[in-house]
Structure formats: C-alpha cells, structure tokens
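Scroll down for the structure; my scribbles are underneath it.
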Protein chains: 2
Amino acid sequence: MSGQTDLTRNQTLVLDTLTKAEGPLSAYTILDQLRGDGLRAPLQVYRALDKLLEKGLAHRLESLNAFVACAHPHCHKSGLIAFAICETCGLVREFSDEVVRARLDDWADREGFVTARTTMEIRGTCQQCASG
Amino acid sequence: MSGQTDLTRNQTLVLDTLTKAEGPLSAYTILDQLRGDGLRAPLQVYRALDKLLEKGLAHRLESLNAFVACAHPHCHKSGLIAFAICETCGLVREFSDEVVRARLDDWADREGFVTARTTMEIRGTCQQCASG
DNA sequence: TCTACGATGTAATGCTATAACGTTATGATA
DNA sequence: TATCATAACGTTATAGCATTACATCGTAGA
Ligand SMILES: [Zn+2]
Ligand SMILES: [Zn+2]
Ligand SMILES: [Zn+2]
Ligand SMILES: [Zn+2]
C-alpha cells in the first residue's frame, strides 16, 4: 500500500518548479526549466500537472493557459476558488468567498444545473503596481 | 459620420455565425464555416472577434478557448458576467448576479486591487442533460 | 509466474493565437 | 483634386499550447 498522496518523481519536479516560481508558469516554461532534470517532452509535464490538479496541489489559470502551485494546500473548504491576477507584475492571489459560493450554488439549484467546477479569475492591477 | 456600432463585412459574418450556432465555437471552427464566404486565414476571424468583444456583442469563454454571441446585447448593466457551460450538450447560459459582483468589488477595494475584467465560468451539467 | 495497472518515454500531430508585411477603402483637409 | 491619416483587410509564416498513439517499465496482486 502506501499513502495515496505520494508524488512521483516527475510530479515532484513540476510541483517544486511551480512552488519556487514567482508567478504562473506555462507547461512549456516548466518543461524548459526541467530539461536539466531529464524531462524532454511536453507530455511529461502535462501528465504531472494533471495529477497535481487532481490532488488540489496546483491550479490552472484558464485565462493565461498557465499553472500555479496551490497557495493553501489541504485547505479548500469552499468548493470555489478565485484568483486575482495582476497584469503588470504577474502576481496571483488565491482566495475564496463563502457568499459568492453560496450565491452561485443558489443559482445552480434554481436552474437545476449540476456544478462540476467553477473558474473565477479577476484580471487587473495589484495594489503594489497600482500605487507605484 | 455614421453610428459607431456599424459592423464590417467580416465582423458581420462572424457575428452571424456565432448567433446561429447552438453553442460556443472556436475561431477555427468559425473560419471553416466562413470559407464559402471568402475567408481564408485565422487572423481574419480573430480580428473580427476582437472588435465584437470590444463592442460587447460576443464573449470569449476562457475555459474552452471558444466564443459565443452575447445573449443580452445592450444589457450589460453589471460589470460582471457569468457563464454556465453544460459539458454534455454544450449549451451556455449567460447571467449576472449583483451580489456576487458587489462581493468581488468589496474584496478588490479591501486589497487595493484594480479590476479590469472578471471571468466566471461554471462547468457542469444542465438540467435537461442531468434529468435525461 | 502471470496479469493488470499506473507511470514513463518518445515522436508525431493537432489546435489556438499572433507577428510581420503589404494593400485597400474611406474620410478629412489643404 | 491631391494629400494625408486611419482603419480594415489579405496573406504568409511562425509561435505557443495540448493531445494522440504507441512502446516500455516497474510493481502489486492472483
Ligand atoms: Zn488552492
Ligand atoms: Zn502587480
Ligand atoms: Zn453578454
Ligand atoms: Zn446540457
């Protein structure tokens, strides 16, 4: 047996790369940073990313076609995660809001829509960059 | 002069294609449907789409890399639009929620984040498909 | 041992989007 | 009219993102 949270070598490499990064990385950027570790093909990265997304250790930013390490691993009580993305410095803030989640749940209930997952991405300028 | 809402030939072709479609279309699918009308290159479609997005006549679904005609033209009072996307039948519902918008505005105010635009996409199964 | 399963490696391909260039249509202005 | 500026257009090439297909390997269970 063994814990179901163990990561393989490739998964660990990709997660470490994301964790050390200042901002979101594309799969191909991750690949480039891991060529020294023996990775050669996009699929090696995409497969690792798939598993990390499954486990909630990383997130995909749809509006950027890029990925980030989860900022709050093991702490996704709310089923909904929002991202604020600064278009100047690239910084990504991850947060959740119970009222928003409840409000969207209500909408889904009323409409009979069965929610699988929700993407919420706010693009703009962070305080640091806006005040500079 | 003339109204600033007039569309060019390509813009009209693309918007008509989106309007007649049952669900979201990728730029390349739009292109394929318009080859009979003389369109030959992706850029012709992308340029038309850019203008349609600017004018609020179409929307981009980030999680699908696809586009839809706006369901409520001239009626985007709320700065935030949400989409519910059925992964079975492809149907897209467009709606907005003042409470959600206000809640996200509050978050941005507190954090000093200047919002440019927000993407909200709910993936799941519509009532029709869920009950079938 | 045999088998099933998951992870891996590799090559090839497909899908999405933009850069860079030149041309054409239009409308304002001298 | 001649000139100029602007916006849309057309075309080719290229960049960037993601998946299909197939072979291999290692391990756990029957
Ligand atoms: Zn997270
Ligand atoms: Zn910033
Ligand atoms: Zn709309
Ligand atoms: Zn459906």
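Since this is a predicted model, take the numbers as computed values, not measurements. In what follows, chains carry the letters A, B, and so on, assigned in the order in which the sequence lines appear, proteins first and then strands, with residues in each chain numbered from 1.
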Going by the angle between their ring planes, with limits at 30° and 60°, are B:Tyr46 and B:Tyr28 parallel, tilted or perpendicular? perpendicular
Earlier contact from the 5' end, DNA chain C, for B:Ser26 and A:Leu43: A:Leu43
Using a cut-off of 6.0 Å, state whether more than 12 heavy atoms not belonging to A:Glu111 lie near its atom CD. yes
Is it true that A:Arg117 and B:Glu87 make a salt bridge, defined as a side-chain N closer than 4.0 Å to a carboxylate O? yes
Send over the distance from B:Asn10 CG to C:dA25 P, rounded to a whole Å. 14 Å
So, does A:Arg60 get its side chain near the phosphate of D:dA18, meaning an N or O under 4.0 Å from OP1 or OP2? yes
Would you call B:Arg101 and B:Asp97 a salt bridge, taking side-chain N to carboxylate O under 4.0 Å as the test? no
Whole angstroms only, please: what is the CG-C1' distance between B:Leu25 and C:dC15? 15 Å
Using atom CG of A:Leu31 as one end and atom P of D:dT19 as the other, report the distance to the nearest whole Å. 15 Å
Judged by each residue's nearest nucleotide on DNA chain D, which is more toward the 5′ side, A:Leu64 or B:Lys51? B:Lys51
Write down the distance between CG (B:Leu52) and P (D:dA8), rounded to a whole number of angstrom. 11 Å
Is the phosphate of C:dT16 approached by A:Asn65 (side-chain N or O, under 4.0 Å from OP1 or OP2)? no
Rounding to an integer number of Å, can you tell me how far B:Arg40 CZ sits from D:dT11 C1'? 10 Å
Does the pair A:Arg60/A:Glu62 count as a salt bridge with the N-to-O cut at 4.0 Å? yes
Between the base of C:dG9 and the side chain of A:Arg47, is there a donor-acceptor distance below 3.5 Å? yes
Please report, rounded to the nearest Å, how far the P atom of C:dA7 is from the CD atom of A:Glu54. 8 Å
Counting just side-chain N and O atoms, does B:Gln44 come under 4.0 Å of either OP1 or OP2 of D:dC9? no
Can you tell me the distance, in whole Å, between the CZ atom of B:Arg9 and the P atom of C:dT24? 17 Å
On the nucleotide D:dA7, are OP1 or OP2 found under 4.0 Å from the side-chain N or O atoms that B:Thr8 carries? no
Below 3.5 Å, does any donor atom in the side chain of B:Tyr28 face an acceptor in the base of C:dA17, or the other way round? yes
Find the distance B:Leu34:CG to D:dG10:C1' and express it as a whole number of Å. 15 Å
